[in-house]
Amino acid sequence: MKRNENLVPLSRDHHFGLLCSWKIREGVRKNIIYDRIKKYINYFWQESLSRHFEIEDTVLPEPENESLQLQMQKEHSEIRKLINTLNQSQNPRILEDFADALSSHIRFEERMYFPHLENHLSDDEMTEIGNKLNLIHQKEQDNYPDQFWK
């Protein structure tokens, strides 16, 4: 099923989240030092993922299916906890746990949560989501110095 155009910005973020998970797994497989992978995860968290979660938590309406909403919130919380845990540890298993949790969460949203929204929200409600996402994106662009957009 083709993704509703109003959710595409979030799906695009999901692509980069899956890429992050893959890079973590490859780093672990190639025995890259823990601190280097941890540094990458923290960068991705600070520059992308934490903001993505914040946007989802504020822009997406609660679906009629409360269990989907609860699962999304639970998984966001679990990933936040894993960020804290990996910063307190040197256990490569934590890196893999983070990659697995992020990948699984993205698959849940793309395969269950977003299709539920697409099937149960009106066109006007979906457009409202798209408008909010566009407004957030525009505000974020406005906060960057002009040199980045020339």
Side-chain angles (χ1 to χ4, degrees), residues 1-30 32 37-87 93-150:
M1 183 174 142
K2 186 177 177 185
R3 180 66 57 232
N4 182 289
E5 67 185 35
N6 294 294
L7 295 175
V8 167
L10 296 175
S11 288
R12 192 173 302 119
D13 287 349
H14 288 165
H15 167 78
F16 291 109
L18 292 173
L19 182 60
C20 174
S21 294
W22 178 81
K23 287 180 178 182
I24 294 165
R25 290 184 185 111
E26 284 295 295
V28 170
R29 185 179 68 78
K30 293 179 179 182
I32 302 298
I37 298 171
K38 178 177 79 170
K39 184 176 180 180
Y40 168 70
I41 293 170
N42 281 311
Y43 173 83
F44 185 74
W45 172 254
Q46 293 167 357
E47 297 298 319
S48 179
L49 191 57
S50 64
R51 182 72 177 130
H52 175 83
F53 283 4
E54 181 182 325
I55 290 168
E56 285 183 337
D57 291 342
T58 58
V59 170
L60 297 180
E62 292 189 18
E64 293 172 7
N65 184 336
E66 187 178 332
S67 66
L68 292 176
Q69 181 71 21
L70 292 174
Q71 182 172 344
M72 185 179 82
Q73 291 171 345
K74 178 181 168 245
E75 290 178 3
H76 282 185
S77 178
E78 177 186 337
I79 291 169
R80 286 181 180 103
K81 287 177 187 173
L82 283 168
I83 289 286
N84 290 328
T85 301
L86 72 87
N87 282 311
R93 183 67 209 152
I94 301 296
L95 301 174
E96 293 176 29
D97 289 348
F98 176 82
D100 291 345
L102 180 57
S103 179
S104 175
H105 173 66
I106 290 167
R107 301 274 187 228
F108 158 73
E109 286 188 350
E110 288 292 332
R111 293 176 182 166
M112 296 180 72
Y113 191 74
F114 286 4
H116 179 81
L117 294 176
E118 290 168 332
N119 290 328
H120 290 87
L121 296 180
S122 69
D123 289 343
D124 288 343
E125 290 169 314
M126 292 302 294
T127 299
E128 184 178 342
I129 290 170
N131 289 341
K132 287 178 182 178
L133 292 174
N134 287 334
L135 183 62
I136 289 168
H137 180 71
Q138 185 60 47
K139 283 182 181 179
E140 288 174 350
Q141 280 185 343
D142 290 346
N143 287 331
Y144 284 104
D146 288 338
Q147 67 190 19
F148 290 118
W149 302 108
K150 290 182 180 178

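As the structure is a computational prediction, the values presented were derived from the model and not from experiment.
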From [X] atom [atom1] to [Y] atom [atom2], the distance as rounded to the nearest 0.5 Å:
| X | Y | atom1 | atom2 | answer |
| --- | --- | --- | --- | --- |
| Ser21 | Ile41 | OG | CD1 | 9.0 Å |
| Ile24 | Asp97 | CD1 | CG | 11.0 Å |
| Asn42 | Leu86 | CG | CG | 6.0 Å |
| Phe53 | Arg80 | CZ | CZ | 6.5 Å |
| Asn84 | Trp45 | CG | CH2 | 8.5 Å |
| Gln71 | His76 | CD | NE2 | 10.5 Å |

Would a 4.5 Å heavy-atom cut-off, applied to side chains only, mark [X] and [Y] as touching?
| X | Y | result |
| --- | --- | --- |
| Glu110 | Pro115 | no |
| Phe44 | Ile83 | no |
| Leu49 | Leu102 | yes |
| Glu128 | Pro61 | no |
| Glu5 | Met126 | no |

message = Taking side chain to side chain contact (heavy atoms under 4.5 Å, CB included) as the definition, give me every residue that meets it alongside Ser122, ordered by chain and number, with sequence neighbours left out.
response =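 For Ser122, the residues satisfying side chain to side chain contact (heavy atoms under 4.5 Å, CB included) (neighbours in sequence not counted) are Asp124, Glu125.
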
ask   = Who passes side chain to side chain contact (heavy atoms under 4.5 Å, CB included) against Arg111, sequence neighbours left out?
value =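 Counting only residues at least two positions away or on another chain, Arg111 forms a side chain to side chain contact (heavy atoms under 4.5 Å, CB included) with Arg107.
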
key: Stepwise side chain to side chain contact (heavy atoms under 4.5 Å, CB included) check, Ile32 with Tyr40   = CA-CA 11 Å; Ile32 302 298; Tyr40 168 70; over 6 Å; no

ask   = How about Met112: does its CE atom have over 12 heavy atoms from other parts shown lying under 6.0 Å from it?
value =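 No, because the 6.0 Å sphere around CE of Met112 holds 12 heavy atoms or fewer from other groups.
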
key: Working for side chain to side chain contact (heavy atoms under 4.5 Å, CB included), residues Arg12 and Val8   = CA-CA 6 Å; Arg12 192 173 302 119; Val8 167; 3.2 Å; yes

Side-chain ([X]) to main-chain ([Y]) donor-acceptor, under 3.5 angstrom:
| X | Y | value |
| --- | --- | --- |
| His120 | His116 | yes |
| Ser103 | Ala99 | no |
| Ser77 | Gln73 | no |

Can you see which heavy atom on [X] is nearest to which on [Y], and at what distance?
| X | Y | answer |
| --- | --- | --- |
| Ile129 | Asn6 | CG2-O, 4.1 Å |
| Ile136 | Ile55 | CG2-CD1, 3.8 Å |
| Phe108 | Glu75 | CD2-OE1, 3.6 Å |
| Gly27 | Ile37 | C-CD1, 3.6 Å |
| Ile79 | Ala101 | CD1-O, 3.9 Å |
| Asp57 | Met72 | OD1-CE, 3.9 Å |

message = Could you go through Leu7 and Leu60, starting from their C-alpha distance and side-chain angles, then the distance that decides it, and tell me whether this counts as side chain to side chain contact (heavy atoms under 4.5 Å, CB included)?
response = CA-CA 10 Å; Leu7 295 175; Leu60 297 180; 4.0 Å; yes

key: Tyr113: which of Glu56, Gln69, His105 passes side-chain hydrogen bond (donor to acceptor under 3.5 Å, both in side chains)   =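 Testing each of Glu56, Gln69, His105 against Tyr113, the sole residue satisfying side-chain hydrogen bond (donor to acceptor under 3.5 Å, both in side chains) is Gln69.
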
query = Can a salt bridge be assigned to the pair Arg93 and Glu96 using a cut-off of 4.0 Å between side-chain N and carboxylate O?
reply =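 Yes, Arg93 and Glu96 are salt-bridged.
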
query = Any Lys/Arg nitrogen of Arg29 or Glu26 sitting under 4.0 Å from an Asp/Glu carboxylate oxygen of the other?
reply =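 Here Arg29 pairs with Glu26 in a salt bridge, since their nearest N and O are under 4.0 Å apart.
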
key: Stepwise side chain to side chain contact (heavy atoms under 4.5 Å, CB included) test for Ser11 and Phe114   = CA-CA 9 Å; Ser11 288; Phe114 286 4; 3.8 Å; yes

